Amino acid sequence: MKKAALYNLGCKVNAYETEAIQQMLQKNNYEIVPFTQKADIYIINTCTVTNIADKKSRQILHRARRMNPEAIVVAMGCYVEAGEERVLYDQGIDILIGNEKKNKVLTILEQYIRGEKEGKDSLKEEESIENVKKYGDMFLEETKTHTRAYIKIQDGCNQFCSYCIIPYVRGRVRSREKKSILKEVENLAKKNYKEIVLTGIHLSSYGSDLEGGKKGESLLDLIEALHNIEGLKRIRLGSLEPGIIKEEFVKKLKGYNKLCPHFHLSLQSGCDATLKRMNRQYTTGEYYEKVNLLREEFFDPAITTDVIVGFPKETEEEFQTTYEFLEKICLYEMHVFKYSKRQGTKAASMEGQVQEAVKTKRSSQLLFMAKNNKKAFQERYRGKKVAVLFEESLVTDGISHQTGYTREYIKVKYNGHKNYINQIVEGRILPEEDGDVPVFEPFMH
(Lines give C-alpha, C1' and ligand atoms only; values in the text may rest on other atoms or scores of the structure.)
Protein backbone atom coordinates (compact mmCIF):
# COMPACT_ATOMS: atom_id res chain seq x y z
CA MET A 1 0.00 0.00 0.00
CA LYS A 2 1.28 3.44 -0.91
CA LYS A 3 1.16 5.99 1.90
CA ALA A 4 -0.60 9.28 1.12
CA ALA A 5 -0.73 12.44 3.25
CA LEU A 6 -3.10 15.32 2.55
CA TYR A 7 -3.02 18.96 3.67
CA ASN A 8 -5.85 21.44 3.32
CA LEU A 9 -5.56 25.21 3.15
CA GLY A 10 -8.36 27.74 3.00
CA CYS A 11 -12.13 27.57 3.05
CA LYS A 12 -14.79 25.00 3.97
CA VAL A 13 -15.21 24.20 0.27
CA ASN A 14 -11.55 23.18 0.10
CA ALA A 15 -11.97 21.16 3.32
CA TYR A 16 -14.91 19.25 1.81
CA GLU A 17 -12.90 18.47 -1.34
CA THR A 18 -9.87 17.31 0.64
CA GLU A 19 -11.96 14.91 2.73
CA ALA A 20 -13.68 13.54 -0.38
CA ILE A 21 -10.30 12.96 -2.08
CA GLN A 22 -8.93 11.24 1.03
CA GLN A 23 -11.87 8.84 1.03
CA MET A 24 -11.40 8.23 -2.70
CA LEU A 25 -7.79 7.22 -2.05
CA GLN A 26 -8.71 4.99 0.91
CA LYS A 27 -11.25 3.11 -1.19
CA ASN A 28 -8.49 2.43 -3.70
CA ASN A 29 -6.06 0.92 -1.18
CA TYR A 30 -3.94 3.95 -0.31
CA GLU A 31 -2.92 4.19 3.34
CA ILE A 32 -3.65 7.67 4.71
CA VAL A 33 -1.02 8.95 7.14
CA PRO A 34 -0.65 12.28 8.99
CA PHE A 35 1.01 15.03 6.99
CA THR A 36 3.83 15.16 9.53
CA GLN A 37 4.90 11.61 8.63
CA LYS A 38 6.98 10.33 5.75
CA ALA A 39 4.68 9.42 2.85
CA ASP A 40 4.97 8.28 -0.76
CA ILE A 41 2.49 10.92 -1.94
CA TYR A 42 1.73 14.38 -0.58
CA ILE A 43 -1.41 16.16 -1.80
CA ILE A 44 -1.85 19.84 -0.91
CA ASN A 45 -5.14 21.61 -1.61
CA THR A 46 -3.90 25.18 -1.92
CA CYS A 47 -5.45 28.60 -1.27
CA THR A 48 -4.80 31.95 -2.96
CA VAL A 49 -7.37 34.29 -1.39
CA THR A 50 -4.58 36.62 -0.15
CA ASN A 51 -0.84 37.00 -0.70
CA ILE A 52 -0.40 35.47 2.77
CA ALA A 53 -2.36 32.40 1.60
CA ASP A 54 -0.03 32.14 -1.40
CA LYS A 55 2.97 32.18 0.91
CA LYS A 56 1.45 29.50 3.14
CA SER A 57 0.74 27.30 0.10
CA ARG A 58 4.38 27.56 -0.99
CA GLN A 59 5.61 26.78 2.53
CA ILE A 60 3.51 23.62 2.83
CA LEU A 61 4.66 22.41 -0.60
CA HIS A 62 8.28 22.98 0.43
CA ARG A 63 7.68 21.10 3.68
CA ALA A 64 6.30 18.10 1.80
CA ARG A 65 9.35 17.97 -0.45
CA ARG A 66 11.71 18.19 2.55
CA MET A 67 9.95 15.38 4.43
CA ASN A 68 10.56 12.97 1.55
CA PRO A 69 12.60 14.13 -1.47
CA GLU A 70 11.55 10.95 -3.31
CA ALA A 71 7.81 11.43 -2.79
CA ILE A 72 5.28 12.47 -5.40
CA VAL A 73 4.11 15.99 -4.47
CA VAL A 74 0.75 17.11 -5.83
CA ALA A 75 -0.32 20.77 -5.80
CA MET A 76 -3.97 21.36 -6.57
CA GLY A 77 -6.54 24.10 -6.34
CA CYS A 78 -6.65 27.87 -6.28
CA TYR A 79 -2.92 28.70 -6.03
CA VAL A 80 -2.28 26.53 -9.07
CA GLU A 81 -5.28 28.02 -10.88
CA ALA A 82 -4.00 31.57 -10.22
CA GLY A 83 -1.24 30.96 -12.76
CA GLU A 84 1.54 30.01 -10.36
CA GLU A 85 2.52 26.94 -12.35
CA ARG A 86 5.86 28.51 -13.37
CA VAL A 87 6.79 28.92 -9.69
CA LEU A 88 5.69 25.37 -9.00
CA TYR A 89 7.69 24.00 -11.95
CA ASP A 90 10.80 25.65 -10.50
CA GLN A 91 10.07 24.15 -7.09
CA GLY A 92 9.95 20.63 -8.51
CA ILE A 93 6.29 19.89 -7.82
CA ASP A 94 5.40 16.66 -9.63
CA ILE A 95 1.70 17.04 -10.42
CA LEU A 96 -0.37 20.20 -10.90
CA ILE A 97 -4.17 19.98 -10.80
CA GLY A 98 -6.60 22.88 -11.21
CA ASN A 99 -9.95 23.20 -9.46
CA GLU A 100 -11.97 21.52 -12.16
CA LYS A 101 -10.02 18.25 -12.09
CA LYS A 102 -9.89 17.69 -8.35
CA ASN A 103 -12.45 14.91 -8.68
CA LYS A 104 -10.03 13.14 -11.08
CA VAL A 105 -7.02 13.19 -8.74
CA LEU A 106 -6.90 9.39 -8.47
CA THR A 107 -6.85 8.88 -12.25
CA ILE A 108 -4.19 11.57 -12.78
CA LEU A 109 -2.03 10.21 -9.96
CA GLU A 110 -2.12 6.62 -11.22
CA GLN A 111 -1.37 7.67 -14.80
CA TYR A 112 1.69 9.49 -13.46
CA ILE A 113 2.79 6.48 -11.37
CA ARG A 114 2.50 4.19 -14.40
CA GLY A 115 4.59 6.64 -16.42
CA GLU A 116 1.82 7.27 -18.95
CA LYS A 117 1.70 11.01 -18.45
CA GLU A 118 3.73 13.91 -17.09
CA GLY A 119 2.23 15.47 -13.98
CA LYS A 120 2.02 18.88 -15.62
CA ASP A 121 0.01 17.47 -18.54
CA SER A 122 -3.18 17.38 -16.52
CA LEU A 123 -3.02 21.14 -16.04
CA LYS A 124 -2.27 21.76 -19.73
CA GLU A 125 -5.24 19.61 -20.73
CA GLU A 126 -7.66 21.46 -18.48
CA GLU A 127 -10.19 23.77 -20.02
CA SER A 128 -9.86 27.37 -18.83
CA ILE A 129 -11.75 27.62 -15.56
CA GLU A 130 -13.67 30.62 -16.93
CA ASN A 131 -15.21 28.40 -19.62
CA VAL A 132 -16.16 25.46 -17.41
CA LYS A 133 -19.95 25.08 -17.23
CA LYS A 134 -20.42 21.78 -15.41
CA TYR A 135 -20.06 21.12 -11.69
CA GLY A 136 -17.30 18.58 -10.89
CA ASP A 137 -19.10 16.22 -8.53
CA MET A 138 -17.56 14.53 -5.49
CA PHE A 139 -19.12 12.36 -2.83
CA LEU A 140 -18.49 12.41 0.91
CA GLU A 141 -18.96 9.16 2.81
CA GLU A 142 -18.18 10.56 6.27
CA THR A 143 -16.42 13.48 7.97
CA LYS A 144 -13.88 13.91 10.75
CA THR A 145 -16.38 15.55 13.12
CA HIS A 146 -18.83 12.57 13.20
CA THR A 147 -21.66 14.92 14.21
CA ARG A 148 -22.04 17.59 11.56
CA ALA A 149 -21.06 17.54 7.90
CA TYR A 150 -20.23 20.36 5.52
CA ILE A 151 -21.91 19.71 2.17
CA LYS A 152 -20.55 21.43 -0.92
CA ILE A 153 -23.47 22.28 -3.21
CA GLN A 154 -22.02 24.90 -5.53
CA ASP A 155 -18.79 26.24 -7.02
CA GLY A 156 -17.73 29.48 -8.70
CA CYS A 157 -18.78 33.11 -8.42
CA ASN A 158 -20.03 35.78 -10.82
CA GLN A 159 -19.74 38.78 -8.47
CA PHE A 160 -16.20 40.12 -9.13
CA CYS A 161 -15.76 42.13 -5.95
CA SER A 162 -12.78 44.42 -6.49
CA TYR A 163 -10.68 42.82 -3.70
CA CYS A 164 -11.36 39.17 -4.58
CA ILE A 165 -9.41 36.77 -6.81
CA ILE A 166 -11.86 33.89 -6.35
CA PRO A 167 -13.98 34.32 -9.55
CA TYR A 168 -10.74 34.09 -11.56
CA VAL A 169 -9.60 30.83 -9.93
CA ARG A 170 -12.97 29.14 -9.27
CA GLY A 171 -14.73 30.20 -12.47
CA ARG A 172 -18.40 30.97 -13.03
CA VAL A 173 -21.30 29.68 -10.95
CA ARG A 174 -21.84 25.92 -11.24
CA SER A 175 -24.45 24.15 -9.12
CA ARG A 176 -24.47 20.55 -8.03
CA GLU A 177 -27.46 18.45 -9.08
CA LYS A 178 -30.03 18.16 -6.32
CA LYS A 179 -30.25 14.36 -6.59
CA SER A 180 -26.49 14.07 -5.92
CA ILE A 181 -26.76 16.26 -2.81
CA LEU A 182 -29.76 14.32 -1.51
CA LYS A 183 -28.01 10.99 -2.02
CA GLU A 184 -24.96 12.20 -0.07
CA VAL A 185 -27.01 13.63 2.81
CA GLU A 186 -29.28 10.56 3.01
CA ASN A 187 -26.17 8.39 3.33
CA LEU A 188 -24.72 10.61 6.07
CA ALA A 189 -28.05 10.70 7.95
CA LYS A 190 -28.13 6.88 7.94
CA LYS A 191 -24.67 6.98 9.54
CA ASN A 192 -26.11 9.12 12.35
CA TYR A 193 -24.86 12.55 11.31
CA LYS A 194 -27.31 14.96 12.89
CA GLU A 195 -26.45 18.27 11.21
CA ILE A 196 -25.39 19.45 7.77
CA VAL A 197 -23.98 22.84 6.78
CA LEU A 198 -24.61 23.86 3.17
CA THR A 199 -21.54 25.50 1.71
CA GLY A 200 -20.26 26.81 -1.60
CA ILE A 201 -18.18 29.60 -3.09
CA HIS A 202 -21.31 31.73 -3.62
CA LEU A 203 -24.10 29.82 -1.88
CA SER A 204 -26.85 32.33 -2.68
CA SER A 205 -26.53 31.65 -6.42
CA TYR A 206 -27.24 27.92 -6.05
CA GLY A 207 -29.48 26.68 -8.88
CA SER A 208 -29.26 29.81 -11.01
CA ASP A 209 -27.34 27.91 -13.71
CA LEU A 210 -29.30 24.62 -13.66
CA GLU A 211 -31.21 24.54 -16.94
CA GLY A 212 -31.67 28.26 -16.80
CA GLY A 213 -32.67 28.24 -13.14
CA LYS A 214 -35.69 26.02 -13.73
CA LYS A 215 -38.32 25.66 -11.06
CA GLY A 216 -37.44 23.12 -8.41
CA GLU A 217 -33.70 23.85 -8.43
CA SER A 218 -33.36 26.90 -6.17
CA LEU A 219 -31.71 27.02 -2.75
CA LEU A 220 -35.18 27.04 -1.17
CA ASP A 221 -36.21 23.95 -3.14
CA LEU A 222 -33.06 22.16 -2.00
CA ILE A 223 -33.67 23.06 1.66
CA GLU A 224 -37.23 21.73 1.40
CA ALA A 225 -36.00 18.43 -0.05
CA LEU A 226 -33.29 18.10 2.61
CA HIS A 227 -35.85 18.88 5.31
CA ASN A 228 -37.71 15.69 4.41
CA ILE A 229 -34.69 13.39 4.93
CA GLU A 230 -35.33 11.00 7.78
CA GLY A 231 -32.78 11.14 10.58
CA LEU A 232 -31.43 14.58 9.66
CA LYS A 233 -32.07 16.94 12.58
CA ARG A 234 -30.47 20.22 11.59
CA ILE A 235 -29.76 22.23 8.44
CA ARG A 236 -27.40 25.18 8.74
CA LEU A 237 -26.60 27.63 5.96
CA GLY A 238 -23.15 28.90 5.06
CA SER A 239 -22.43 32.46 3.98
CA LEU A 240 -25.29 34.25 2.21
CA GLU A 241 -25.39 37.43 0.17
CA PRO A 242 -27.81 40.10 1.44
CA GLY A 243 -29.66 40.11 -1.89
CA ILE A 244 -31.21 36.67 -1.28
CA ILE A 245 -32.88 37.83 1.93
CA LYS A 246 -36.34 38.73 0.68
CA GLU A 247 -39.69 38.49 2.47
CA GLU A 248 -40.91 35.41 0.60
CA PHE A 249 -37.55 33.64 1.06
CA VAL A 250 -37.44 34.35 4.81
CA LYS A 251 -41.07 33.39 5.43
CA LYS A 252 -40.50 30.04 3.72
CA LEU A 253 -37.32 29.42 5.70
CA LYS A 254 -39.27 30.00 8.89
CA GLY A 255 -41.51 27.07 7.98
CA TYR A 256 -38.62 24.56 8.05
CA ASN A 257 -38.12 23.66 11.71
CA LYS A 258 -34.86 21.81 10.98
CA LEU A 259 -33.30 25.05 9.71
CA CYS A 260 -31.06 26.67 12.33
CA PRO A 261 -31.80 30.36 13.00
CA HIS A 262 -28.19 31.30 12.26
CA PHE A 263 -27.50 33.50 9.24
CA HIS A 264 -24.09 34.64 8.05
CA LEU A 265 -24.75 37.75 5.94
CA SER A 266 -21.62 39.08 4.30
CA LEU A 267 -21.28 42.87 4.84
CA GLN A 268 -17.59 43.84 4.32
CA SER A 269 -18.16 47.54 5.09
CA GLY A 270 -20.73 49.72 6.82
CA CYS A 271 -19.99 52.67 4.54
CA ASP A 272 -21.74 53.02 1.17
CA ALA A 273 -18.78 54.75 -0.49
CA THR A 274 -16.48 51.88 0.51
CA LEU A 275 -19.03 49.28 -0.60
CA LYS A 276 -19.14 50.94 -4.02
CA ARG A 277 -15.35 50.74 -4.38
CA MET A 278 -15.57 47.09 -3.34
CA ASN A 279 -18.17 46.48 -6.07
CA ARG A 280 -20.61 45.06 -3.50
CA GLN A 281 -24.14 44.96 -4.88
CA TYR A 282 -26.09 46.56 -2.00
CA THR A 283 -26.18 49.60 0.28
CA THR A 284 -26.05 49.72 4.06
CA GLY A 285 -29.71 50.74 4.03
CA GLU A 286 -30.61 47.56 2.15
CA TYR A 287 -28.47 45.47 4.48
CA TYR A 288 -30.22 46.99 7.49
CA GLU A 289 -33.59 46.01 6.01
CA LYS A 290 -32.41 42.41 5.56
CA VAL A 291 -31.26 42.18 9.18
CA ASN A 292 -34.59 43.53 10.41
CA LEU A 293 -36.51 41.12 8.17
CA LEU A 294 -34.70 38.14 9.71
CA ARG A 295 -35.30 39.49 13.21
CA GLU A 296 -39.00 39.99 12.51
CA GLU A 297 -39.55 36.39 11.34
CA PHE A 298 -37.17 34.52 13.69
CA PHE A 299 -36.90 34.90 17.46
CA ASP A 300 -33.56 36.59 18.20
CA PRO A 301 -31.64 34.80 15.42
CA ALA A 302 -27.85 34.66 15.37
CA ILE A 303 -26.70 36.97 12.57
CA THR A 304 -22.99 37.03 11.82
CA THR A 305 -20.87 38.81 9.24
CA ASP A 306 -17.46 39.58 7.71
CA VAL A 307 -15.92 43.07 7.77
CA ILE A 308 -12.80 44.34 5.98
CA VAL A 309 -10.97 47.31 7.50
CA GLY A 310 -8.40 49.48 5.75
CA PHE A 311 -9.76 49.00 2.24
CA PRO A 312 -8.01 51.39 -0.23
CA LYS A 313 -9.07 55.02 0.30
CA GLU A 314 -10.93 54.20 3.52
CA THR A 315 -10.72 57.48 5.45
CA GLU A 316 -11.14 57.89 9.18
CA GLU A 317 -14.62 59.26 8.49
CA GLU A 318 -15.55 56.21 6.39
CA PHE A 319 -14.30 53.87 9.09
CA GLN A 320 -16.30 55.78 11.70
CA THR A 321 -19.39 55.37 9.50
CA THR A 322 -18.75 51.62 9.43
CA TYR A 323 -18.23 51.55 13.20
CA GLU A 324 -21.49 53.36 13.88
CA PHE A 325 -23.42 51.14 11.46
CA LEU A 326 -22.12 48.00 13.17
CA GLU A 327 -23.04 49.46 16.55
CA LYS A 328 -26.54 50.06 15.22
CA ILE A 329 -27.16 46.55 13.87
CA CYS A 330 -25.34 44.81 16.78
CA LEU A 331 -24.64 41.37 15.25
CA TYR A 332 -23.82 38.19 17.17
CA GLU A 333 -20.38 37.67 15.64
CA MET A 334 -18.14 39.74 13.38
CA HIS A 335 -15.16 38.25 11.56
CA VAL A 336 -12.83 41.23 11.15
CA PHE A 337 -10.11 41.19 8.48
CA LYS A 338 -7.43 43.73 7.72
CA TYR A 339 -7.42 44.41 3.97
CA SER A 340 -4.65 42.45 2.29
CA LYS A 341 -3.54 43.14 -1.27
CA ARG A 342 -4.15 40.33 -3.72
CA GLN A 343 -2.26 40.80 -6.99
CA GLY A 344 -4.56 40.34 -9.96
CA THR A 345 -7.48 42.16 -8.37
CA LYS A 346 -8.66 45.69 -9.10
CA ALA A 347 -8.20 46.81 -5.48
CA ALA A 348 -4.50 45.88 -5.47
CA SER A 349 -3.73 48.70 -7.91
CA MET A 350 -6.04 51.29 -6.34
CA GLU A 351 -4.55 54.50 -5.01
CA GLY A 352 -4.87 55.31 -1.33
CA GLN A 353 -3.57 52.09 0.20
CA VAL A 354 -3.99 52.31 3.97
CA GLN A 355 -1.00 51.97 6.30
CA GLU A 356 -0.72 48.73 8.27
CA ALA A 357 -0.69 50.52 11.63
CA VAL A 358 -4.00 52.21 10.77
CA LYS A 359 -5.54 48.87 9.75
CA THR A 360 -4.40 47.32 13.03
CA LYS A 361 -5.93 50.13 15.07
CA ARG A 362 -9.27 49.91 13.25
CA SER A 363 -9.30 46.14 13.47
CA SER A 364 -8.74 46.30 17.24
CA GLN A 365 -11.68 48.66 17.66
CA LEU A 366 -14.04 46.36 15.79
CA LEU A 367 -12.74 43.25 17.53
CA PHE A 368 -13.46 44.89 20.90
CA MET A 369 -17.01 45.65 19.73
CA ALA A 370 -17.39 42.09 18.39
CA LYS A 371 -16.38 40.63 21.77
CA ASN A 372 -18.98 42.73 23.59
CA ASN A 373 -21.70 41.94 21.02
CA LYS A 374 -21.09 38.22 21.36
CA LYS A 375 -21.22 38.40 25.12
CA ALA A 376 -24.48 40.40 25.01
CA PHE A 377 -26.07 37.86 22.66
CA GLN A 378 -25.09 34.98 24.93
CA GLU A 379 -26.47 36.87 27.94
CA ARG A 380 -29.90 37.06 26.31
CA TYR A 381 -30.00 33.26 26.16
CA ARG A 382 -28.94 32.62 29.76
CA GLY A 383 -31.68 30.79 31.63
CA LYS A 384 -33.58 30.04 28.42
CA LYS A 385 -34.47 26.66 26.96
CA VAL A 386 -32.05 25.60 24.22
CA ALA A 387 -31.22 22.43 22.28
CA VAL A 388 -27.53 21.49 22.05
CA LEU A 389 -25.82 19.10 19.64
CA PHE A 390 -22.77 17.84 21.52
CA GLU A 391 -19.67 17.36 19.39
CA GLU A 392 -16.56 16.67 21.44
CA SER A 393 -15.15 15.73 24.83
CA LEU A 394 -12.36 17.89 26.23
CA VAL A 395 -10.18 18.12 29.31
CA THR A 396 -9.40 21.68 30.44
CA ASP A 397 -7.25 22.27 33.53
CA GLY A 398 -7.80 18.65 34.52
CA ILE A 399 -11.61 18.94 34.29
CA SER A 400 -13.53 16.85 31.76
CA HIS A 401 -16.42 18.42 29.87
CA GLN A 402 -18.33 18.10 26.62
CA THR A 403 -18.94 20.95 24.19
CA GLY A 404 -21.61 21.52 21.61
CA TYR A 405 -23.67 24.17 19.84
CA THR A 406 -27.21 25.45 20.13
CA ARG A 407 -29.30 26.00 17.02
CA GLU A 408 -28.18 29.64 17.21
CA TYR A 409 -24.53 28.52 17.20
CA ILE A 410 -23.81 29.42 20.80
CA LYS A 411 -21.02 27.17 22.01
CA VAL A 412 -21.74 25.67 25.45
CA LYS A 413 -20.10 23.16 27.77
CA TYR A 414 -21.57 20.43 29.96
CA ASN A 415 -19.59 19.47 33.06
CA GLY A 416 -21.61 16.39 34.05
CA HIS A 417 -20.79 12.71 33.70
CA LYS A 418 -23.34 11.53 31.12
CA ASN A 419 -22.08 10.95 27.60
CA TYR A 420 -24.02 13.23 25.25
CA ILE A 421 -21.69 13.13 22.23
CA ASN A 422 -23.67 13.24 18.93
CA GLN A 423 -26.92 13.71 20.82
CA ILE A 424 -29.25 16.70 20.75
CA VAL A 425 -30.08 17.52 24.36
CA GLU A 426 -32.60 20.05 25.67
CA GLY A 427 -31.77 22.15 28.69
CA ARG A 428 -30.87 25.69 29.68
CA ILE A 429 -27.82 27.90 29.73
CA LEU A 430 -26.99 28.67 33.34
CA PRO A 431 -27.26 32.30 34.42
CA GLU A 432 -23.84 32.28 36.11
CA GLU A 433 -20.70 33.01 34.14
CA ASP A 434 -17.91 30.43 33.97
CA GLY A 435 -15.34 31.67 31.46
CA ASP A 436 -15.99 32.46 27.80
CA VAL A 437 -18.06 29.33 27.12
CA PRO A 438 -21.45 29.27 28.91
CA VAL A 439 -22.38 26.23 31.01
CA PHE A 440 -25.29 24.08 29.90
CA GLU A 441 -27.62 22.22 32.28
CA PRO A 442 -29.72 19.43 30.72
CA PHE A 443 -33.33 19.02 31.74
CA MET A 444 -34.01 15.99 33.91
CA HIS A 445 -35.85 13.20 32.07
Side-chain angles (χ1 to χ4, degrees), residues 8-16 47-53 56 78 148 150 157 159 161-166 197-204 236-245 260-271 274-275 278-282 284 287-288 290-291 294 301-311 314 318-319 321-342 345 347 354 356 358-378 405-406 408-411 436-437:
N8 184 70
L9 291 151
C11 62
K12 296 296 183 186
V13 172
N14 260 18
Y16 171 94
C47 178
T48 193
V49 69
T50 64
N51 291 340
I52 294 168
K56 182 74 171 173
C78 293
R148 88 161 67 135
Y150 285 85
C157 180
Q159 297 299 106
C161 299
S162 62
Y163 53 81
C164 187
I165 197 71
I166 296 305
V197 185
L198 300 184
T199 189
I201 297 299
H202 193 259
L203 191 66
S204 298
R236 201 177 292 277
L237 301 178
S239 182
L240 297 172
E241 288 292 314
I244 199 173
I245 305 299
C260 294
H262 170 209
F263 304 97
H264 187 87
L265 281 191
S266 189
L267 174 62
Q268 308 304 358
S269 174
C271 172
T274 311
L275 286 174
M278 290 178 168
N279 196 33
R280 300 293 289 171
Q281 306 300 310
Y282 50 84
T284 53
Y287 189 96
Y288 184 61
K290 311 297 185 182
V291 169
L294 288 167
I303 303 176
T304 61
T305 199
D306 301 313
V307 183
I308 297 172
V309 296
F311 190 74
E314 183 186 63
E318 286 185 350
F319 171 72
T321 299
T322 289
Y323 187 92
E324 290 170 4
F325 181 73
L326 289 167
E327 267 191 327
K328 176 182 171 182
I329 58 177
C330 193
L331 303 182
Y332 168 42
E333 282 187 334
M334 299 190 304
H335 303 265
V336 182
F337 302 92
K338 293 187 286 185
Y339 170 72
S340 175
K341 268 189 183 185
R342 180 55 181 88
T345 64
V354 178
E356 196 64 28
V358 175
K359 294 182 200 174
T360 299
K361 180 184 174 184
R362 293 175 184 174
S363 173
S364 297
Q365 288 178 258
L366 290 188
L367 287 170
F368 184 75
M369 183 200 296
K371 183 178 180 180
N372 289 335
N373 285 358
K374 183 172 184 176
K375 186 175 181 180
F377 185 84
Q378 291 175 343
Y405 289 87
T406 70
E408 299 79 17
Y409 211 58
I410 298 174
K411 185 176 183 178
D436 294 333
V437 181

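Quick caveat, the model's predicted, so the values are computed rather than measured.
Taking the side chain as every heavy atom from C-beta outward, Met369 and Leu326 approach each other to under 4.5 Å. Proximity of Leu275 to Tyr282: side-chain heavy atoms (C-beta onward) are separated by under 4.5 Å at one or more points. Residues Arg342 and Thr48 have side chains in contact (heavy-atom distance under 4.5 Å, counting atoms from C-beta outward). Within the 4.5 Å cutoff, side-chain heavy atoms of Gln268 are placed close to those of Tyr163. Between Leu237 and Val197, every side-chain heavy-atom pair lies at or beyond the 4.5 Å cut-off. Using a 4.5 Å heavy-atom threshold, the side chains of Tyr150 and Val13 count as separate. A 4.5 Å side-chain heavy-atom check between Asn51 and Lys341 finds at least one atom pair inside the cut-off. In this structure, Ile308 and Met278 have side chains that are in contact, with non-hydrogen atoms separated by less than 4.5 Å.
A salt bridge links Arg280 and Glu241; the closest N-O separation between the charged side-chain nitrogens and carboxylate oxygens is under 4.0 Å.
Among all heavy-atom pairs drawn from Thr305 and Leu265, the shortest one is OG1-O, 2.5 Å. Residues Ile165 and Thr345 approach most closely at N-CG2, 3.6 Å, considering heavy atoms. Considering all non-hydrogen atoms of both residues, Ser266 and Ser239 come closest at CB-OG, 4.2 Å. Closest heavy-atom contact between Pro242 and Lys290: O-CE, 3.3 Å. Between Tyr332 and Glu408, the shortest heavy-atom distance links the atoms CE2-O, 3.9 Å.
Rounding to the nearest 0.5 Å gives a distance of 7.0 Å between CD1 of Ile245 and OG of Ser204. One distance of note links CG of Leu294 with NE2 of His262; it measures 11.5 Å at 0.5 Å rounding. The line from CD of Gln378 to OG1 of Thr406 is 9.0 Å long, rounded to the nearest 0.5 Å. In this structure, OH on Tyr288 lies 9.0 Å from CD1 on Ile329, to the nearest 0.5 angstrom. Atoms NZ and OG, on Lys338 and Ser363 in that order, are 6.0 Å from each other to the nearest 0.5 Å. Taking OG of Ser269 as the reference point, atom CZ of Phe325 lies at 9.5 Å (rounded to 0.5 Å).
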Passes side chain to side chain contact (heavy atoms under 4.5 Å, CB included), Thr50 versus Phe337? Steps please.
CA-CA 11 Å; Thr50 64; Phe337 302 92; over 6 Å; no

Yes or no on side chain to side chain contact (heavy atoms under 4.5 Å, CB included) for Val307 and His335, after CA distance, side-chain angles and deciding distance?
CA-CA 6 Å; Val307 183; His335 303 265; over 6 Å; no

Run the side chain to side chain contact (heavy atoms under 4.5 Å, CB included) test on Met334 and Thr304 for me, step by step, so that the C-alpha distance in whole Å, both residues' side-chain angles and the decisive distance to 0.1 Å come before the verdict.
CA-CA 6 Å; Met334 299 190 304; Thr304 61; over 6 Å; no

Asn373 vs Phe377, test: side chain to side chain contact (heavy atoms under 4.5 Å, CB included). Steps then yes/no.
CA-CA 6 Å; Asn373 285 358; Phe377 185 84; over 6 Å; no

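A donor-acceptor contact closer than 3.5 angstrom is absent between the side chains of Glu314 and Thr274. Judged purely by distance below 3.5 Å, without hydrogens or angles, the side chains of Glu324 and Thr322 never pair a donor atom with an acceptor atom.
Lys374 contributes no side-chain N or O that, together with a main-chain N or O of Glu333, makes up a donor-acceptor pair within less than 3.5 Å. Looking only at distances, no side-chain donor or acceptor of Asn279 sits under 3.5 Å from a matching main-chain atom of Ser162. Side chain of Asn14 to backbone of Leu9: a donor-acceptor contact under 3.5 angstrom is found.
Cation-pi contact between Lys359 and Tyr339: absent, since separation from the ring centre below 6.0 Å together with deviation from the ring axis within 45° is not met. Cation-pi geometry between Arg362 and Tyr323 is not met: the NZ or CZ atom fails to fall both under 6.0 Å from the ring centre and inside 45° of the normal.
Enclosure of atom CG in Asp436 is not indicated, since only 12 or fewer non-hydrogen atoms of other residues, nucleotides or ligands lie within 6.0 angstrom.
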